[in-house]
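Every heavy atom of this structure was used, including side-chain atoms; hydrogens, water molecules and symmetry mates were not.
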Amino acid sequence: MRVEAIVPDAPVVRDDSASAPDFARALDALGKLLSGASGAEERFAYGNGSLQAAVYERAQADVAIAIATSSAQRVVQSVQSILNMQV
């Protein structure tokens, strides 16, 4: 039996723009939101900040966490449905 390598018709193009660095930046941004919310709460607790700022920062962080959680769940569902496909 003789096997020949498959040669693509077009050159292979790698798109590294949507890879790990983007994911890492998204996680860093989420971490900054959480630390900003924590800082605003601490400033309010020590009397240096306002309640409005603390609540606003926490609400922003909560929304970001909800979006990240929802996105992660959708990715997991997509991967599971791909893995469950019969070939």
What are the two closest heavy atoms between A54 and F44, and how far apart are they? CB-CB, 4.2 Å

Closest non-hydrogen atom pair, E57 against A40: CG-CB, 3.7 Å

[X] (side chain) donor-acceptor with [Y] (main chain) under 3.5 angstrom:
X	Y	result
S78	R74	yes
S71	I67	yes
T69	A66	no

When hydrophobic residues are tied together by side-chain contacts of less than 4.5 Å, even through go-betweens, does V75 share a cluster with L27? no

With a 4.5 Å cut-off on side-chain heavy-atom distances among I, L, V, M, F, W and Y, is there a chain of contacts connecting V63 to L33? no

Separation of [Y] [atom2] from [X] [atom1] (nearest 0.5 Å):
X	Y	atom1	atom2	answer
L34	Q60	CG	CD	11.0 Å
Q80	M85	CD	CE	12.5 Å
D28	S35	CG	OG	10.5 Å

Give a yes-or-no answer on whether the side chains of Y46 and E42 include a donor-acceptor pair shorter than 3.5 Å. no

Taking C-beta and beyond as the side chain, do R58 and E41 meet within less than 4.5 Å on heavy atoms? yes

